[in-house]
*Asks:* 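My structure is below; once you've seen it, I'll send some questions.
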Amino acid sequence: MDYNKLANLLFPQIRKTPEDYEQMYPPRKLPEGAKVTRLGPSPTGFIHLGNLYGAFADERLAHQSGGVFFLRIEDTDDKREVQGAVPMLIQALHHFGVNFDEGATMNGETGDYGPYYQSRRGEIYQCFAKSLVAQGLAYPCFMTEEEIAAVRAEQEAQKKNPGIYGAYAKCRDLSFEEVAERIGSGQEYVIRFRSNGNPENHVTVVDGIRGPLSLPENDQDVVILKKTGIPTYHFAHVVDDHLMRTTHVVRGEEWLSSLPIHVALFQALGWELPTYCHTTVLMKMDGETKRKLSKRKDPELSLEYYKQEGYHPEAVREYLLTILNSNYEEWRIANPEAAAEDFCFSTEKMSNSGTLFDLDKLNDVCKDVLARMSAEEVLLYMLKWAEEYQPGLAALMAEQRDKMLSIFSIDRGGEKPRKDLIYCRQIFRFISYFFDEHFIVEDSYPAEVSMKDAKEILNRYFQSYDAEDDNEAWFAKVRQLAADMGYAQKPKDFKKNPDQYKGHVGHVSNVIRLAITGRTNSPDLWLIQQIMGTEQVKGRIAQAFQDIG
RNA sequence: GGCUCCAUGGUCAAGCGGUCAAGACACCGCCCUUUCACGGCGGUAACUCGGGUUCGAUUCCCGAUGGAGUCACCA
């Protein structure tokens, strides 16, 4: 069999040789130890936390080593492609602080190793496929879907491994004449890799995260070029990552089982294997069991969800980093102010067992991240979010900028800052009582206080309220008011002699708190009143007085 | 089902032959306190199960069990 003749029959239009491409894409000139990583999403218009997780690993690996991080669009499946997905993807990643050095951009691409869209690399794949055919390492296969299904049925009946391999690969040894005839008659075909592997034999691949992996050799004659001439993932990955000079392939653990295919392909093409880093998949509880994050089933885990809720990108990154590298959290505790970039990221410290996504933990991280920010930063962040998702609110906040700053300044910046801000939607709920148009009464009066007393408390408080009082003077008045009405001035007194009092000053001030904020929990009341101003404070008191009836 | 990966508290996880088995989140209690939060102190809670190897296994090996992933002309 003259494989060269076959190669020319199959790919008459391909003139370039593998050597030509080697010259076009020479090894990168980078400092010793620099890592080249890439993100290779398929443009389905959907990315979730798990994708971000991997992207952070890629980004850190490259930028920490003075290497390159690029974006390659893996659009080899036209069925799943979504219009406008690429700009969306880039923007979403950018929002969370993931930026690329080269590859696809908002309106094109940049870099010397392109094209970065697999759909535009057809000739390249075909050239290498041709080369494999010429070496007898790949061949055209004319099997129809029905034939393949029949083979599979037979294999299942005989409890054999499914797939096209060995004797099941019916087109393996077609003569040149037969191939020429079938093509001449318009039969469609794919190009398959001619595997000479034996699953009884194992190969060892050293994974950057998991260490040595022992894998059975691939024996499947996998499709490398679909009937459309478009490559499958396996082939595109091997060709692209070699030509783009990727040093570290970070991808999900779901690829582990097809790694033998990739190893065989790299060998057949005579190329060096990149360092594979198979990350653990991010899991989620689904009823009683854990399960991999899924695009279809978990829309609430999409990046867009976190953006909409107003999760701070830095917090999301911080959280992901804590589960990405097991020593990140301790480093952060020791270096609360340091930039995340200063952390020394390593693949060895990456977890290799399924990690459950933990919203509680994310929220906790958010509190810390926001507590580190200044009032100005918080406001800016809220405004930016509101402009996109709550325009009315944005206008309101911009209008009352000084008030907002005061609100966000409450207990901020000191040794023990409050940590009750989590994400925008929650923050807004948290501070909503400052705005008359968003004020609602959420809680009810403390049980210790009768309605009659509540009314009286509000009445007396209204009369005596003076915004000029400092915190101490103001509270002294509240104490007096409490005492006058038969409530203990100090909670401890009440606890000691509960029979002598109706309640204590805490109950009394909660009546006031409820009138003013609509809830029984709030930051320091005096501060809140200072920010609100006399008019709003008295308005609320009067309103509450009326509401009691 | 075959193959692969994984296995420490509810969750994320340190550990890499000898530890009273870290820490964080969550939870509970106490203190601080006019509420809440913050902070401080304390607490509940774990090495999946069998065999080996070893003076000694959470740690190494084998097996079982469990969980996950994958078996496409999808990535």
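Chain identifiers are assigned alphabetically (A, B, ...) following the order of the sequence lines, protein sequences preceding nucleic acid strands; residue numbering begins at 1 within each chain.
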*Asks:* Using the P atom as the point on both nucleotides, what is the distance between B:U53 and B:G1, in whole Å?
*Replies:* 32 Å

*Asks:* Counting side-chain heavy atoms from CB outward, which of B:A13, B:U11, B:A24 is closest to A:L356?
*Replies:* B:U11

*Asks:* Take the protein atom CZ of A:R251 and the nucleotide atom P of B:U4, then report the distance between them rounded to whole Å.
*Replies:* 18 Å

*Asks:* Tell me what A:R519 touches on the nucleic acid: a base, only sugar-phosphate, or nothing, going by heavy atoms under 4.0 Å.
*Replies:* nothing

*Asks:* Base, sugar-phosphate, or nothing for A:S522, non-hydrogen atoms under 4.0 angstrom?
*Replies:* base

*Asks:* Rounding to an integer number of angstrom, what distance separates B:C27 and B:U59 when you compare their C1' atoms?
*Replies:* 30 Å

*Asks:* With the side chain counted from C-beta on, respond yes when A:N352 and A:D207 share a heavy-atom pair under 4.5 Å apart, and no when they do not.
*Replies:* no

*Asks:* For A:D524 and B:U35, what is the distance between atoms CG and P respectively, to the nearest whole Å?
*Replies:* 11 Å

*Asks:* Does the distance from a Lys or Arg side-chain N to an Asp or Glu carboxylate O, for A:R429 and A:E442, drop under 4.0 Å?
*Replies:* no

*Asks:* Which nucleotide, in any strand shown, forms a Watson-Crick or G-U wobble pair with B:A75, with both distances under 3.5 Å?
*Replies:* none

*Asks:* Could you work out the separation of B:A37 and B:G29 based on their P atoms and round it to a whole Å?
*Replies:* 12 Å

*Asks:* Consider the side chain of A:D420, meaning its heavy atoms from C-beta on, and name the nucleotide among B:A13, B:A14, B:A37 that approaches it most closely.
*Replies:* B:A37

*Asks:* Could I get the full list of ring-ring contact (aromatic ring centres under 6.0 Å, His included) partners for A:Y233, not counting sequence neighbours?
*Replies:* A:H237, A:W255, A:H262

*Asks:* What's the shortest heavy-atom distance between A:D58 and A:R38, and which atoms?
*Replies:* OD2-O, 3.2 Å

*Asks:* Using heavy-atom distances to pick each residue's nearest nucleotide on RNA chain B, tell me which of A:G506 and A:K349 is more 5'.
*Replies:* A:K349

*Asks:* Between A:L174 and A:Y139, is any pair of side-chain heavy atoms under 4.5 Å apart?
*Replies:* no

*Asks:* Pairing check on B:U11: which nucleotide meets the Watson-Crick or G-U wobble criteria with it, both distances under 3.5 Å?
*Replies:* B:A24

*Asks:* For the pair made of CD in A:Q529 and P in B:U35, what is the distance, rounded to whole Å?
*Replies:* 16 Å

*Asks:* Does the Lys NZ or Arg CZ of A:R540 fall within the cation-pi geometry relative to A:F439 - under 6.0 Å from the ring centre and within 45° of the axis?
*Replies:* yes

*Asks:* Give a yes or no answer on whether the side chain of A:R194 reaches the backbone of A:R172 with a donor-acceptor pair at less than 3.5 Å.
*Replies:* yes

*Asks:* Going by purine N1 to pyrimidine N3 plus the second Watson-Crick contact, or the G-U wobble pair, all under 3.5 Å, which nucleotide sits opposite B:A68?
*Replies:* B:U4

*Asks:* Charged N to carboxylate O under 4.0 angstrom, A:E253 versus A:K292?
*Replies:* no

*Asks:* Would you please confirm or rule out a distance under 4.0 Å between OP1 or OP2 of B:A13 and any side-chain N or O of A:S351?
*Replies:* yes

*Asks:* If I pick the P atom on B:G23 and the same atom on B:G66, what distance separates them, to the nearest angstrom?
*Replies:* 34 Å

*Asks:* For the C1' atoms, the ones on B:A24 and on B:U65, what distance do you get once it is rounded to whole angstrom?
*Replies:* 30 Å

*Asks:* Nearest nucleotide by nearest heavy atom, which residue falls closer to the 5' end of RNA chain B, A:F357 or A:P216?
*Replies:* A:P216

*Asks:* Between P on B:A37 and CD1 on A:I422, what's the gap in Å once rounded to a whole number?
*Replies:* 12 Å

*Asks:* Given atom CD of A:E217 and atom P of B:U4, what is their separation to the nearest angstrom?
*Replies:* 13 Å

*Asks:* Would you mind reading off the distance between A:Y433 atom OH and B:U35 atom C1', rounded to a whole angstrom?
*Replies:* 11 Å

*Asks:* Taking only the side-chain heavy atoms of A:P417 (C-beta and beyond), determine which of B:U34, B:C38, B:A14 contains the nearest atom.
*Replies:* B:C38

*Asks:* Does A:F142 have its ring centroid less than 6.0 Å away from the ring centroid of A:Y189?
*Replies:* yes

*Asks:* B:C6, B:U33, B:U34: which one has an atom nearest the side-chain heavy atoms of A:S509?
*Replies:* B:U34

*Asks:* When the C1' atoms of B:C32 and B:C41 are considered, how many whole Å apart are they?
*Replies:* 11 Å

*Asks:* If I take atom CD1 in residue A:I431 and atom C1' in nucleotide B:A37, what distance separates them, rounded to the nearest angstrom?
*Replies:* 16 Å

*Asks:* Measure from the side chain of A:K419, starting at C-beta and using heavy atoms only, and say which of B:C6, B:U34, B:G39 lies closest.
*Replies:* B:G39

*Asks:* Has the side chain of A:R513 got a donor or acceptor atom sitting under 3.5 Å from an opposite partner on the base of B:U34?
*Replies:* yes

*Asks:* Any chance you could list the contact pattern along nucleotides 69-75 of chain B? Use B for base contacts, S for sugar-phosphate-only contacts and - for none, protein heavy atoms under 4.0 Å, 5' to 3'.
*Replies:* SS-SBBB

*Asks:* Write down the distance separating the P atoms in B:C38 and B:C28, rounded off to the nearest Å.
*Replies:* 13 Å

*Asks:* Check every atom of B:C12, B:C36, B:A37 against the side chain of A:I323 and return the nucleotide holding the closest atom.
*Replies:* B:C12

*Asks:* Is the centre of the A:F357 ring less than 6.0 Å from the centre of the A:Y319 ring?
*Replies:* yes

*Asks:* Could you tell me the separation between the OH atom of A:Y276 and the P atom of B:U4, rounded to a whole number of Å?
*Replies:* 19 Å

*Asks:* Hey, can you tell me if A:Y465 and A:Y461 have their rings parallel, tilted or perpendicular (30° and 60° cut-offs)?
*Replies:* tilted

*Asks:* Whom does B:G56 pair with, Watson-Crick or G-U wobble, provided both distances fall under 3.5 Å?
*Replies:* none

*Asks:* What integer number of Å spans the P atoms of B:A57 and B:G43?
*Replies:* 30 Å

*Asks:* So, do A:R121 and A:L243 sit near enough that their side-chain heavy atoms are less than 4.5 Å apart?
*Replies:* yes

*Asks:* Under 4.0 angstrom, heavy atoms only, what part of the nucleic acid is A:P491 near: base, sugar-phosphate, or nothing?
*Replies:* sugar-phosphate

*Asks:* So A:T355, base contact, sugar-phosphate only, or nothing? Heavy-atom distance under 4.0 Å.
*Replies:* sugar-phosphate

*Asks:* Does the B:C36 base have a donor-acceptor partner in the side chain of A:R418 within less than 3.5 Å?
*Replies:* yes

*Asks:* Would you mind building the protein contact string for nucleotides 25-30 of chain B? One character per nucleotide, 5' to 3', B for base within reach (heavy atoms under 4.0 Å), S for sugar-phosphate only, - for untouched.
*Replies:* SS----

*Asks:* I'd like to know if the side chain of A:R182 and the backbone of A:Q187 have a donor-acceptor N/O pair within less than 3.5 Å.
*Replies:* no

*Asks:* Partner of B:C30 by Watson-Crick or G-U wobble geometry, both contacts under 3.5 Å, or none?
*Replies:* B:G40

*Asks:* Mind checking who B:C49 pairs with, Watson-Crick or G-U wobble, both distances under 3.5 Å?
*Replies:* B:G63

